[in-house]
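Both backbone and side-chain heavy atoms feed into the values below; hydrogens, waters and symmetry mates do not. Note that the numbering runs from 1 along the sequence shown for the chain. From a predicted model like this one, the values you see are computed outputs, not experimental measurements.
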Amino acid sequence: MSSIELRGIQKSWGDVTALHAIDLQIDSGSFCVLLGPSGCGKSTTLRIIAGLESATGGHVLIDDTEVTHRPPAERGISMVFQNYALFPHLSVAQNIGFGLSVRKVPKAQARERLEEAAALLGLEGLLERKPSQLSGGQQQRVALGRALVARAKVCLMDEPLSNLDAQLRQEMRRELRDLQRKLGLTVVYVTHDQTEAMSMADQVVLLSRGHVEQAGTPQALYARPATTFAARFIGTPPMNLLRLEDGRIAGSSQPSGVRAATLGLRPEAITLDAAGMPAHVESTEYLGADLILHCRIGSESLLVRTDGRQQAEAGQEVGLRWSPQDAHGFDAQGQRID
């Protein structure tokens, strides 16, 4: 297992800066997810770790060894790409073993590694097929197999599940996590999907405009978002952010209970209570187990996630209540206030 450390990593193209002095520590054997919207710098960060991009400034260390200027082949890594990057004219076995043949690994050893990876990924019966004869999930397993036979202790993954349908993505998330734990790999995984990040990661690194917005466990990012950006990006539905005026919810006389510029409330932390704060229901979304209410208090709108058996309709007046410990305060710059 190998640890990864980024020290002051910067990346610029002329006047455009993609990464602003990124500092990051990824523990050996952990599953780290780089999360954020398009253009935030997550894929650039991954490519710098891989050696596919050179940093404008800073240092990359793998297992406490400086690798900033080393080529990818000398970094002890494997990589799984978004488009799988399989050779269409080669069989599954040839695709998995391609890197081994290039490195001139002895045939007996290469065959052993191939069979081991195929068994691990359930590909034993597919080794003679071409990629065009495989489903999306099977192609993804082949791409993983190619990474595994390299026996690198660091595996980098760039949105590897984005081409799969929702059900298959869910299955592959579980398989990937189980595989990572079984093999003790250090995985750095790029995605814009917060569900993937929250369900798979030991550590989530949330990026925004080339900065690390917040890094920590999924539980920490959900329970104590460091900024309003983190508060809105993590959680489904996202956290409500209500503008405050003199301690009251803007446009109303209702006290917020916090001294801040913005009040943050998770939709699932709000309950319906006839004796609670009066709110107007503007619309509803029935999701089976859940009912999402789009409400308004004063000039501020908010979502309430409640039991799907609750009865509520657009135009109705309801009462809302939440516990003080579920209220998050943010200052005018969007930073958390403790």
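- At a threshold of 4.5 Å between non-hydrogen side-chain atoms, the residues M157 and L144 count as touching.
- More than 12 heavy atoms of other residues, nucleotides or ligands shown are found within 6.0 angstrom of CD on Q109.
- Atom CZ of R259 has 12 or fewer heavy atoms from other residues, nucleotides or ligands within 6.0 Å.
- Between L207 and L19, the closest side-chain pair of non-hydrogen atoms is not below 4.5 Å.
- Here the CD1-OG1 distance, from I62 to T186, works out to 9.5 Å after rounding to the nearest 0.5 Å.
- Alongside M239, the hydrophobic cluster contains L241, F330 (criterion: ILVMFWY side chains under 4.5 Å).
- Within 6.0 Å of atom CD in E124, more than 12 heavy atoms from other residues, nucleotides or ligands are found, so the atom counts as buried in its surroundings.
- Side-chain atoms of D165 come within 3.5 Å of backbone atoms of Q167 as a donor-acceptor pair (strictly under, hydrogens ignored).
- Side-chain contact between W322 and L263 is present, with heavy atoms from C-beta onward closer than 4.5 Å.
- For the atom pair NE2 (H328) and CG (D338), the distance works out to 10.5 Å, reported to the nearest 0.5 Å.
- Distance alone, capped at 3.5 Å, is enough to place a donor-acceptor pair between the R321 side chain and the A275 backbone.
- When all heavy atoms are compared, the tightest approach of V80 to P160 is CG1-CB, 4.0 Å.
- Neither side chain, Q203 nor S30, offers a donor N or O lying under 3.5 Å from an acceptor on the other.
- With sequence neighbours excluded, no residue satisfies ring-ring contact (aromatic ring centres under 6.0 Å, His included) with Y222.
- A salt bridge is defined here as a Lys NZ or Arg NE, NH1 or NH2 lying under 4.0 Å from an Asp or Glu carboxylate O, and D202 with R177 meets this definition.
- Across I249 and L244, no two heavy atoms sit closer than the pair CA-CD2, 3.9 Å.
- Side-chain contact between L34 and V188: present, with at least one pair of heavy atoms (C-beta onward) separated by less than 4.5 Å.
- Clustering ILVMFWY residues whenever any of their side-chain heavy atoms sit less than 4.5 angstrom apart, transitively, puts L120 in the very cluster that holds L123.
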Under the side-chain contact (heavy atoms from CB on, under 4.5 Å) rule, what do M79 and L52 come out as? Steps first, then yes or no, please.
CA-CA 11 Å; M79 191 157 183; L52 300 175; 3.8 Å; yes
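- Listed here is the closest heavy atom pair of S3 and Q25: CB-NE2, 4.2 Å.
- In this structure, T217 contributes its side chain and A220 its backbone to a donor-acceptor pair below 3.5 Å.
- Here the OG atom belonging to S135 is positioned 6.5 Å from the CG atom belonging to L168, to the nearest 0.5 angstrom.
- Nearest heavy-atom pair across A197 and P218 is O-CG, 4.3 Å.
- Linking Ile, Leu, Val, Met, Phe, Trp and Tyr whenever their side-chain heavy atoms come within less than 4.5 Å puts L148 and V92 in one cluster.
- With respect to R47 and D158, no salt bridge is recorded, no charged nitrogen being found less than 4.0 Å from a carboxylate O.
- With E213 contributing its side chain and S208 its backbone, the two residues share no donor-acceptor pair below 3.5 Å.
- Counting non-hydrogen atoms of neighbouring residues, nucleotides and ligands closer than 6.0 angstrom, the CD atom of E313 reaches no more than 12 such neighbours.
- Here L127 contributes atom CG and Q94 contributes atom CD; the two are 10.5 Å apart, rounded to the nearest 0.5 Å.
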Could you please spell out the steps behind the side-chain contact (heavy atoms from CB on, under 4.5 Å) verdict for F233 and L221?
CA-CA 10 Å; F233 204 89; L221 267 69; over 6 Å; no
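- A distance of 7.5 Å separates SG of C32 from CD1 of I49, quoted to the nearest 0.5 Å.
- No side-chain donor from either of R173 and Q170 sits under 3.5 Å from a side-chain acceptor of the other.
- Listed by first and then second residue, the side chain to side chain donor-acceptor pair (under 3.5 Å) pairs that reach into residues 68-79 are E66-T68, sequence neighbours excluded.
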Please report the C-alpha distance between K42 and E159 in whole Å, then the side-chain angles of each, then the deciding distance to 0.1 Å, and finally whether the side-chain contact (heavy atoms from CB on, under 4.5 Å) criterion is met.
CA-CA 10 Å; K42 54 189 185 295; E159 304 209 44; 4.1 Å; yes
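- Linking Ile, Leu, Val, Met, Phe, Trp and Tyr residues whenever their side-chain heavy atoms come within less than 4.5 Å places L114 and V105 in a single cluster.
- For the residue pair R113 and V149, the shortest heavy atom distance occurs at NH1-O, 2.8 Å.
- Cluster annotation: V187 is connected to V33 through the hydrophobic network of ILVMFWY side chains, with a link wherever side-chain heavy atoms come within less than 4.5 Å.
- At least one side-chain heavy atom of V142 sits less than 4.5 Å from a side-chain heavy atom of I96.
- A donor-acceptor contact under 3.5 angstrom links the side chains of E285 and H294, judged on distance only.
- Counting heavy atoms from C-beta on, the side chains of I9 and T45 never come closer than 4.5 Å.
- For CG of D307, the number of neighbouring non-hydrogen atoms (other residues, nucleotides, ligands) closer than 6.0 Å is greater than 12.
- Residue pairs that meet the salt bridge (Lys or Arg N to Asp or Glu O under 4.0 Å) test with at least one member in residues 126-150, sequence neighbours left out, are R141-E175.
- Residues A147 and C155 share a closest heavy-atom pair of CB-SG, 4.2 Å.
- Note: the hydrophobic cluster containing V154 does not contain L185 (ILVMFWY, side chain heavy atoms under 4.5 Å, direct or indirect links).
- Two residues are said to be in side-chain contact when any heavy atoms from C-beta on lie closer than 4.5 Å; M200 and T191 fail this criterion.
- With rounding to the nearest 0.5 angstrom, the CD atom of E245 is 12.0 Å from the OG atom of S253.
- Under a 4.5 Å side-chain heavy-atom cut-off, the cluster of Ile, Leu, Val, Met, Phe, Trp and Tyr residues that includes L303 is completed by L287, I292.
- A side-chain donor from one of Q194 and T236 sits under 3.5 Å from a side-chain acceptor of the other.
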The test is side-chain contact (heavy atoms from CB on, under 4.5 Å); show your working for E317 and H280 and say whether it passes.
CA-CA 5 Å; E317 301 297 322; H280 178 77; 2.6 Å; yes
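- The shortest side-chain heavy-atom distance between L161 and D193 does not fall under the 4.5 Å cut-off.
- Here the side chain of E268 pairs no donor or acceptor atom with the backbone of R305 at under 3.5 angstrom.
- With sequence neighbours left out, I337 forms a side-chain contact (heavy atoms from CB on, under 4.5 Å) with A260, D331.
- Taking the six-membered ring for Trp and thresholds of 30 and 60 degrees, F87 and F98 have ring planes inclined between 30 and 60 degrees apart.
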